[in-house]
Chemist: 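Have a look at this one.
Letters A, B, ... mirror the listed sequences (proteins, then strands); counts begin at 1.
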2 protein chains.
Amino acid sequence: MRTLPRWREISDDLLHRVQEGEFAHGFPGELALSERYGVSRGTIRQALTPLREQGIVGGGRGRRPYVINTSRTSGFGPMYSLRDAITARGGNESSEVVAQRIVTSPQVSTALGLAAQTPFVHVARVRTADGAPFAMDRLWIIASAAEPLLEADLTETSVHDVLRTRCGVEFDAGVEYTHSVPASAEVADRLAVDEGSPLLTVRRKSCLAGRPAELRDTCAVGDRVTLTHVFGDASAVLDCGGDGRPIEIPWD
Amino acid sequence: MRTLPRWREISDDLLHRVQEGEFAHGFPGELALSERYGVSRGTIRQALTPLREQGIVGGGRGRRPYVINTSRTSGFGPMYSLRDAITARGGNESSEVVAQRIVTSPQVSTALGLAAQTPFVHVARVRTADGAPFAMDRLWIIASAAEPLLEADLTETSVHDVLRTRCGVEFDAGVEYTHSVPASAEVADRLAVDEGSPLLTVRRKSCLAGRPAELRDTCAVGDRVTLTHVFGDASAVLDCGGDGRPIEIPWD
DNA sequence: TAGTGGTCTAGACCACCTT
DNA sequence: AGGTGGTCTAGACCACTAT
């Protein structure tokens, strides 16, 4: 695990402070931050970029800077600008781990363009909110980068967090494919829905230092899950009614 | 329409050249670009940032820079890092415009947090690839910013392009909600699928200068459409087989 | 009018990859 | 070894907003 650049340390620190509510009554400007951290304004701007892109802090030329969203549970990193969050309808969320071991898989290796015998850490979980399953996911990460994952408790912790803190690993590129498919018999059984009912599936392939490193499938119940993506300071269109369900208007 | 910053002009110019294949045999380095455009390296880095984020050019410390993806049809702009493209299975794509007029709508105004009588330009289309409909979309944009849209030919041109070139308008923030829902009778009829079959719906709310400006609903046939998001230099995991459909392996 | 962020410059040093 | 991009500095000027 190499040392992080200064701008990244500052960015992490600011995110942490924001999440603890430190700036609820006003976020400092770039000049003030520049003094506080003892770095140039350019470095501060670099640190603020991800926070602004992800809509965590807002402001703009002339405006007083402010905090938009404190409740953001997501970690930090570029992949979160891809798929910010799967939000379940419900409160208490936990996971049942149904697989957590080393495997090889020709299908996975092929999908990632790796050698057929590449060993992966394989994790599969069923995610539950308030007693009702709302999604299942499974992932394969090249074992050489993710062995501590085998011993982690994944019922309450995200894989991303474990990778970051225990493995010092963060994905730097990737692609996501999202589909809507009918539930197969097996999945319908595990998620307690009717066979054929609409599911949201997301396949993600991620890279580590430019090399394929992870394949992840997420499979979510259509009417229990909303996939949300935020870009920039969207505070003007958040929380103004509706959860994104289509408006009931004829398609004239 | 105000003048664009220099870095943005350079970014647009580079994207244009990339798409015309000018750099197929090698992309210039930052120093070379700095000389060519007569600006400092910082400005060049700013211009390259969106191209690198969207995985259009690649490289890295020490590596020779290169072009990853020329065939990118998408325009330019931050919203495209949200929902890069809806890719249909098929070749010839066109749209049938089923609505293109000024309207007011309490539902839309409410969803955007605007006054109930706000006039919108309303556009609704059914999108077809190789003769089969694969998606429909409808949008409402505040009329004051988008009037030229009323007279545009939208059968072959994207709304985004018209907004950019004719209205000088680009969204700077937004949120997208993605769901999987069963087809209603009306939508099933228009898209030529069975009632109840899985659809992918995307609702987007966008901002212009920090104010709500657009609501857009897209409704796509599950098995004809893939929603793709790319982050960074994902060249290692693109084109290595599979279209993102879930692997057929039991969820042990 | 004061303070903010957006843009831009002209340097510097270093880590990393290719050769 | 030479070239690349990543990081950082210390300035500058300007557009915009709030007051």
Chemist: Counting only side-chain nitrogens and oxygens, does B/R64 get under 4.0 Å of the OP1 or OP2 atom of C/dC17?
Modeler: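 So the side chain of B/R64 is outside the cut-off, no N or O lying under 4.0 Å from OP1 or OP2 of C/dC17.
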Chemist: Tell me the ring-ring contact (aromatic ring centres under 6.0 Å, His included) pairs involving residues 26-62 of chain A, sequence neighbours left out?
Modeler: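 Counting only pairs at least two positions apart or across chains, the ring-ring contact (aromatic ring centres under 6.0 Å, His included) contacts touching residues 26-62 of chain A are A/F23-A/F27.
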Chemist: Which listed nucleotide (C/dC8, D/dG5, C/dG5) is nearest to the side chain of A/P65?
Modeler: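 Comparing C/dC8, D/dG5, C/dG5 against the side chain of A/P65, the answer is C/dG5.
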Chemist: To the nearest 10 degrees, how far apart in direction are the end axes of the helix from C/dT1-D/dA18 to C/dT18-D/dA1, each fit to five base pairs?
Modeler: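 That helix has its two terminal axes inclined by roughly 10°.
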Chemist: Less than 4.0 angstrom from a charged side-chain N to a carboxylate O is my criterion; do B/R52 and B/E30 meet it?
Modeler: yes
Chemist: Can you tell which of D/dT7, D/dA18, D/dC16 lies closest to the side chain of A/R63?
Modeler: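 In terms of side-chain proximity for A/R63, the closest of D/dT7, D/dA18, D/dC16 is D/dA18.
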Chemist: Please check this pair: side chain of B/H122 against backbone of B/A99, looking for a donor-acceptor N/O pair closer than 3.5 Å.
Modeler: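 Not at all, since once roles are kept as given, no pair shorter than 3.5 Å links the two residues.
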Chemist: Could you pull out the protein-nucleic contacts involving nucleotides 9-12 of chain C (nitrogen or oxygen on both sides, under 3.5 Å)?
Modeler:
residue	atom	partner	partner atom	Å
C/dT9	OP2	B/S40	N	2.7
C/dT9	OP2	B/S40	OG	2.8
C/dT9	OP2	B/T43	OG1	2.6
C/dA12	N6	B/R41	NH1	3.2

Chemist: Nearest whole angstrom, please: distance from the P of C/dC8 to the CH2 of B/W7.
Modeler: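 Roughly 9 Å, once rounded to whole Å.
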Chemist: Do NZ/NE/NH1/NH2 and the carboxylate oxygens of B/E214 and B/R204 come within less than 4.0 Å?
Modeler: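 Salt bridge: yes.
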Chemist: Starting from P on D/dT4, measure out to CD on B/E30 and report it in whole angstrom.
Modeler: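 Checked: the CD to P distance equals 10 Å.
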Chemist: Salt bridge check, A/E9 against A/R6: does any charged N sit closer than 4.0 Å to a carboxylate O?
Modeler: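 Yes, this pair counts.
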Chemist: Let's see if you can work this out: which of C/dT7, D/dA15, D/dT19 has an atom nearest to the side-chain heavy atoms of B/P5?
Modeler: C/dT7
Chemist: My understanding is that only one of A/R216, A/R203, A/R125 makes a salt bridge (Lys or Arg N to Asp or Glu O under 4.0 Å) with A/D137; could you say which?
Modeler: A/R125
Chemist: Sub-3.5 Å donor-acceptor pair from the side chain of A/Q100 to the main-chain atoms of A/D153, do we have one?
Modeler: no
Chemist: When you measure from the side chain of B/R52, which nucleotide among D/dG5, C/dG6, C/dT7 comes out closest?
Modeler: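 Looking only at heavy atoms from C-beta outward on B/R52, the closest nucleotide is D/dG5.
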Chemist: Starting at CG of A/L4 and ending at C1' of D/dC8, how long is that distance when rounded to a whole Å?
Modeler: 16 Å
Chemist: Rounded at 0.5 Å granularity, tell me how far CG in A/L112 sits from CD1 in A/I142.
Modeler: 9.0 Å
Chemist: Can you measure A/R8 atom CZ to D/dT7 atom P for me and round it to whole angstrom units?
Modeler: 10 Å
Chemist: Give the rounded distance in Å between these two atoms: CD of B/E35 and C1' of D/dG3.
Modeler: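 So the CD-C1' distance, B/E35 to D/dG3, works out to 14 Å.
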Chemist: Which sits closer to the 5' end of DNA chain D, A/G60 or A/Q46, going by the nucleotide each is nearest to?
Modeler: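 Its nucleotide being nearer the 5' end, the pick is A/Q46.
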Chemist: Rounded to whole angstroms, how far apart are CG on A/L31 and P on C/dA2?
Modeler: 16 Å
Chemist: Which nucleotide in the set C/dT18, D/dC8, D/dG5 lies at the smallest distance from any side-chain heavy atom of A/R6?
Modeler: D/dC8
Chemist: Taking atom C1' of D/dT7 as reference, at what distance in whole Å does atom CD of A/E9 sit?
Modeler: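 Spelled out: CD on A/E9 to C1' on D/dT7 is 13 Å.
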Chemist: Please check if the side chain of B/H179 supplies one atom and the backbone of B/L200 the other of a donor-acceptor pair under 3.5 Å.
Modeler: no
Chemist: Could you give the OH-to-P distance, from B/Y66 to C/dC17, as a whole number of Å?
Modeler: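 In whole Å, C/dC17 P and B/Y66 OH are 13 Å from each other.
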Chemist: Just by modelled atom types, is the B/S105 backbone N or O under 3.5 Å from a matching donor or acceptor in the B/S109 side chain?
Modeler: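 Yes; at least one donor-acceptor contact below 3.5 Å.
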